[in-house]
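Step one of this worksheet: look at the structure below.
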Amino acid sequence: AKSRVILFLFDPTQDHRFRELCRRGSNDPQLTESARVGQQDTILNEMALRIRRYRGLAQSVKHDAHLVIVVTKSDTWSHLVDLPRALPCQTRHNNQLSSLDISQINGVSKRVRELMLQACPQVVNAADAFATEVIFIPVSAVGGSPTVDSETRSLVVRPSDIRPCWVTVPILYALSRWTSGLIGQA
């Protein structure tokens, strides 16, 4: 309740409408296999309810924390939005310091937000009703789709194929935006 930044992980493969949208133009086995789907907006609303209760805030009052919606498994839905793979960092050549490109992150956030509004507006609405600032950051822990093991028919990821994408960005963004001087901004 006292945090200045709150991270909420959203898994698009567990949202029925987002799954349907992702299936278009994708042969990802995570989308063809039967998966558990749920109402992640319910979890987000419950989180907001508890934080407001601990904070003593009325239901209509926004929390002054910043909410980072970490949209996971971007490898399954990146074909729907133009997402960069490279980290949003810039290096100043004269002193060899790197800084975070906040404008690039904000641009990506807007594109992901538009996709979320199309696929699952209830999550965006719940986030906007809760926090003063909401940002959407795509991440992929493995950087690609798993494959189906021919013997067990289960989904597997080969360690040599793991290429995480943007997994450090949510924390770097939070530290850059809401701590003083720890991580520079470009």
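Hydrophobic clustering of Ile, Leu, Val, Met, Phe, Trp and Tyr side chains at less than 4.5 Å, counting indirect connections, unites I171 with L100. Residues L49 and I51 do not share a hydrophobic cluster, defined by chaining ILVMFWY side chains whose heavy atoms lie under 4.5 Å apart. Under a hydrophobic-cluster definition in which Ile, Leu, Val, Met, Phe, Trp and Tyr are linked whenever side-chain heavy atoms come within less than 4.5 Å, directly or via other members, V142 and L83 are assigned to different clusters. L117 is connected to F8 through a chain of hydrophobic side-chain contacts under 4.5 Å among Ile, Leu, Val, Met, Phe, Trp and Tyr, so both are in one cluster. Placement of I162 and V139 in two distinct hydrophobic clusters is found when ILVMFWY residues are connected by side-chain heavy-atom separations under 4.5 Å, directly or transitively.
Atom OG of S109 sits about 8.5 Å away from atom CD of E133, to the nearest 0.5 Å. To the nearest 0.5 Å, the span separating CD1 on I102 from OG on S176 amounts to 4.0 Å. The CG atom of L9 sits 9.0 Å away from atom CD1 of I69, with the distance rounded to the nearest 0.5 Å. With values rounded to the nearest 0.5 angstrom, Q59 atom CD is found 9.0 Å from N45 atom CG. Atom CZ of residue R52 and atom OG of residue S60 lie 8.0 Å apart, to the nearest 0.5 angstrom.
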message: I'd like to know whether L21 forms a side-chain contact (heavy atoms from CB on, under 4.5 Å) with L115, so could you lay out the CA-CA distance, the side-chain angles of the two residues, the decisive distance to 0.1 Å, and finally the verdict.
response: CA-CA 10 Å; L21 191 61; L115 179 63; 3.5 Å; yes

field: Stepwise side-chain contact (heavy atoms from CB on, under 4.5 Å) test for D15 and Q122
entry: CA-CA 11 Å; D15 184 272; Q122 69 281 7; 3.6 Å; yes

message: Would L67 and D128 count as a side-chain contact (heavy atoms from CB on, under 4.5 Å) here? Give the steps.
response: CA-CA 9 Å; L67 179 60; D128 287 344; over 6 Å; no

field: Trace of the salt bridge (charged side-chain N to carboxylate O under 4.0 Å, His left out) decision for R158 with D149
entry: CA-CA 10 Å; R158 290 178 180 79; D149 184 276; 6.0 Å; no

task: Could you please spell out the steps behind the side-chain contact (heavy atoms from CB on, under 4.5 Å) verdict for R17 and E20?
output: CA-CA 5 Å; R17 287 184 286 180; E20 290 301 316; 5.7 Å; no

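The side-chain heavy atoms of V68 and I6, taken from C-beta on, include no pair separated by under 4.5 Å. Within the 4.5 Å cutoff, no side-chain heavy atoms of Y54 are placed close to those of K2. I105 places a side-chain heavy atom less than 4.5 Å from the side chain of W166. You'll find the side chain of P84 reaches within 4.5 Å of the side chain of Q104, heavy atoms only.
With a 6.0 Å radius and a threshold of 12 heavy atoms from other residues, nucleotides or ligands, H16 has its NE2 atom at or below the threshold.
A salt bridge between E114 and R111 is absent, with no side-chain N of the basic residue lying under 4.0 Å from a carboxylate O of the acidic one.
Shown here for D75 and G143, the closest heavy-atom pair between the two residues is CB-C, 4.0 Å. Nearest heavy atoms, A127 versus V134: O-CG2, 3.5 Å. P164 and V167 make their closest contact through CB-CG2, 3.9 Å (heavy atoms, listed as atom of the first residue, atom of the second, distance). For A126 against L44, the heavy-atom pair with the smallest separation is CB-CD2, 3.8 Å.
For the side chain to side chain contact (heavy atoms under 4.5 Å, CB included) with I137, the lone residue among L172, V71, V169 that qualifies is V169.
W77 places no side-chain N or O within 3.5 Å of a backbone atom of T13 that could act as its donor or acceptor partner. For S140 (side chain) and S74 (main-chain N/O), no donor-acceptor pair under 3.5 Å exists by modelled atom type. At distances below 3.5 Å, not a single donor-acceptor pair connects side-chain atoms of R113 with backbone N or O atoms of I135. Side-chain atoms of Q40 do not come within 3.5 Å of backbone N or O of V123 as any donor-acceptor pair. No side-chain donor-acceptor contact under 3.5 Å links H63 to the backbone of R55.
With no hydrogens or angles considered, no side-chain donor-acceptor pair links S99 and D101 at under 3.5 Å. There is a side-chain donor-acceptor pair under 3.5 Å between Y173 and R177. Under the 3.5 Å distance criterion, with hydrogens and angles disregarded, no donor-acceptor pair is assigned to the side chains of T132 and K62.
Under the ring pair (Phe, Tyr, Trp, His ring centres under 6.0 Å) criterion, F136 pairs with no residue at all, not counting sequence neighbours.
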